[in-house]
Amino acid sequence: MGGYRMIKDLRVRFQSAPSANRDGFTLVEMLVVAPIAILVIGGLIAAMVSLTGDTLLSNTRAGTTYRVQSAINRIEEDAKISTNFMQTFSYVSAPQGKDGNTSSFDTSSDDIIFTQQATTASPYDTSRQSVYYANQPNACGSADVGANRPLLLRVIYFQTDNGDGTSTLWRRQVVRDWNQSGSPDANTTCAAPWQRDSCPVGSTLNGTPCQSYDEKILTSVTNLAVNYYTPAGTSTSDPRQAEKISVSITIAGRAAGNTITETASTQVTRINNLPIATSIPDTPMVTATVEGGDTATFSWPKVFGAEMYTVTYSVNGGAYQMGANKSLSTTFSRAAERGQSVCATVYANNEVGTSPFGYACTSIPLWNTPDLQNGWVNYDGGYQSVGYTKTSTGLVILKGLLTKNGGAYTVGETIFTLPPNFRPANEGGLMFATMKSGTSASRVEVWPDGRVIAANMSTSWTSLDGVKFLAASGGYTWQTPTFANGWANYGGSWVQAGYTKDSSGRVFTRGLVKSGTTTDNTRIIGTAAGYASAEYLHLASAANDSFTSLSASAAANEIQAKGVALNAYVSLQEMFYSTTPDTTYGGWHAMGTLQNGWVAYPGYATPSYIKAADGVVTLKGLIRNGTTTSGTVIYTLPAGYRPARTILGLASCVNAACRFDVTSTGDILIREGANSGWSALDSISFMAEQ
């Protein structure tokens, strides 16, 4: 106050002095006033700085308090509508893992993991509905759809290190797999969820799984404390047993050179509840069977506490491959080829973890044994028992010798039924000629529904050896041939004429035709280039409920009649090699010197044998001049080209039905109908098993 009075006195003196004497302060006066003014201004500045610092501290503290309380409120909202609290969570795909890849979340690292039910709108929207999986077990439109398995999501709070002693708190959503497929599967839902999967900031938002970025909840976190409480109010280290959660968050900030810390906390009780697993599931008890003749099927009882199952499999000792990843199904099937082994490992999964694996193996049989019907039984006597198989090229082969137990049969009755993967395309019936008792051919039919039909049989014995066709499951495309000389499709329910070729160079023809000219070497159908026989062949077939002979012409790309006057219907069900034979086992092998007077017929196919990559042995050749006594050996095939038991081969001998047997020792034997004028081996084929 003294300084202020001095300045005031000086001002009064200055104002009262005569004008002549008021030209300014004297030097003495200035020296007195200046320090006092500086002191006054400095005081004012100090006061203003102090006032500004207090304001900054106050504003920063208020902002810090708001941010930490807002974060607590967000966690409280999620906790309240949760169905359970989780200890760990590992059902993540990259980049949704904690490390931005696939690492798990765990409460031991102060992660907070909530399970919630997905909804059609915001959980706080009164119009929202829960989202359920379709047909698990009820249809989407059912009044009982609420009993279905709900679509769940996980809301996860986790921290990332800022590198300065603080962390950033993030919120991530992980929604279970779902789809809106028109063909419902295990992940099809009745409605689309409102919730979306989130990923780290900077991830590519492509919807698989990243649909949005993680929500940044809070920065500068210095402490996050989480505790869980049972319904009885006691603290527990296992969040799965908890009904309540308490969360405390402390964050730090700086203002005006000071460090500010604020803490907010909450304790909240969840209002929903779903049973959850509390331990890793038990090991699945896996059994293996073969279904449908070519499919290894693995099954296991539902494991208590398991939510999903993961299956890997191996074929023939190869590397294990993923078969089913976190599937709801308790079965897994894998088709394989004849003789192959298939093994599977099955893991039971839940949100606690993954069980040890259950394990089982099975093998696809070389031959499947059908259930014979209507009194048909195996003939036995050293011959093949009835069976069917499918090769790696999709070629279905029947075998075996039948007899009728109890006498007569009814034309059109079913002998047995093939399973779905062993049936021809659903385009019409197939007709085959095979050998039956005596020197005549039988007529056997195979239909798209799998029925093998007795049309013209002998109750004494009838062979199924030589019945072969491409399965629909092989996926072959059939070409339409050109007809000539009055021939046409038979029509009705019979398959129309067609031809195709497999990877081994074998040409297949099919169809039932009628009404054409039967003069020797008259064209029935023509094929495109590349589908011709490598040589002129004599083929055995069925016609007019009897036998007929056809030829495959190498020069003309055609199937020809052989002068047998039968044309009410003729089957074109044949198989022969084109000019590009299979060379897996060296291609064709000439038989060389034949036995018991038999020799090659000059100018026609040389007696030879070949084995394809799928194990099918095919014979060819025109022979003559040998002994025709039943049981006479023509030639002996080497090991690796022999059937397991004797097969009966229907052939054409001077355009009549004849029979050649091939034994397990490799002998090709003369049986009924052989003719020394000429006899053809061109229609004989079988599986090599010895």
Side-chain angles (χ1 to χ4, degrees), residues 49-80 82 85-90 92 94-114 154-174 197-204 210 212-229 235-239 242 244-268:
V49 169
S50 176
L51 180 61
T52 301
D54 288 344
T55 301
L56 287 173
L57 286 172
S58 177
N59 289 341
T60 301
R61 192 178 303 279
T64 303
T65 301
Y66 172 81
R67 289 192 300 114
V68 71
Q69 187 59 51
S70 178
I72 283 292
N73 292 343
R74 192 80 166 91
I75 295 173
E76 185 177 273
E77 289 174 354
D78 281 324
K80 187 177 297 183
S82 295
F85 307 139
M86 297 181 63
Q87 190 167 38
T88 62
F89 183 63
S90 59
V92 288
Q96 286 190 300
K98 187 172 182 179
D99 61 350
N101 193 11
T102 59
S103 63
S104 302
F105 295 92
D106 197 305
T107 54
S108 63
S109 301
D110 289 330
D111 299 331
I112 305 173
I113 310 166
F114 299 136
R154 269 69 196 190
V155 174
I156 305 166
Y157 289 87
F158 65 99
Q159 301 172 77
T160 56
D161 192 350
N162 294 332
D164 60 357
T166 69
S167 63
T168 298
L169 182 65
W170 299 89
R171 180 183 185 272
R172 177 169 297 166
Q173 288 191 148
V174 180
D197 284 279
S198 66
C199 293
V201 173
S203 301
T204 300
C210 304
S212 62
Y213 292 130
D214 294 338
E215 182 181 352
K216 184 187 288 187
I217 299 298
L218 197 59
T219 58
S220 302
V221 177
T222 58
N223 184 62
L224 174 66
V226 184
N227 292 289
Y228 298 91
Y229 300 91
S235 178
T236 177
S237 60
D238 186 351
K244 298 179 181 180
I245 183 174
S246 69
V247 181
S248 176
I249 303 176
T250 300
I251 64 172
R254 290 190 63 80
N258 296 300
T259 298
I260 299 172
T261 61
E262 287 294 332
T263 300
S265 60
T266 187
Q267 184 176 95
V268 59

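Values below: all heavy atoms of this structure, side chains included; hydrogens, waters and symmetry mates excluded.
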Using the ring of each side chain (for Trp, its six-membered ring), is F114 parallel, tilted or perpendicular to Y157, with breaks at 30° and 60°?
perpendicular
As a quick check of understanding, evaluate side-chain contact (heavy atoms from CB on, under 4.5 Å) for F89 and S104, giving each step before the final call.
CA-CA 6 Å; F89 183 63; S104 302; over 6 Å; no
Sub-3.5 Å donor-acceptor pair from the side chain of Y213 to the main-chain atoms of S203, do we have one?
yes
T64, T65, T250 screened by side chain to side chain donor-acceptor pair (under 3.5 Å) with E262, the one that passes
T65
Taking D99 for its side chain and N101 for its backbone only, find out whether a donor-acceptor pair lies under 3.5 Å.
yes
Validation row: T107, I112 side chains within 4.5 angstrom (heavy atoms)
no
Look at the side chain of S109 and the backbone N and O of D111, then say whether any donor-acceptor pair between them is shorter than 3.5 Å.
no
CA sep, side-chain torsions, deciding dist, call: D106, K98, salt bridge (charged side-chain N to carboxylate O under 4.0 Å, His left out):
CA-CA 9 Å; D106 197 305; K98 187 172 182 179; over 6 Å; no
Please round to the nearest 0.5 Å and tell me the distance separating atom OG of S265 and atom CG of N227.
11.0 Å
Under the criterion side-chain contact (heavy atoms from CB on, under 4.5 Å), I'd like the reasoning laid out for L218 against V68: C-alpha separation, chi angles, the key distance, then a yes or no.
CA-CA 7 Å; L218 197 59; V68 71; 4.2 Å; yes
Would F85 and I113 satisfy side-chain contact (heavy atoms from CB on, under 4.5 Å), going step by step from the backbone distance to the final call?
CA-CA 6 Å; F85 307 139; I113 310 166; over 6 Å; no
Say whether, by atom type as modelled, one donor and one acceptor occur between the side chain of R172 and the main chain of G97 under 3.5 angstrom.
yes
Step by step, work out the side-chain contact (heavy atoms from CB on, under 4.5 Å) result for V247 and L224.
CA-CA 7 Å; V247 181; L224 174 66; 3.8 Å; yes
T166 side chain near I251 side chain, heavy-atom distance below 4.5 Å:
no
Passing candidate, side chain to side chain donor-acceptor pair (under 3.5 Å) with T168, options N162, T160, T219, D161:
N162
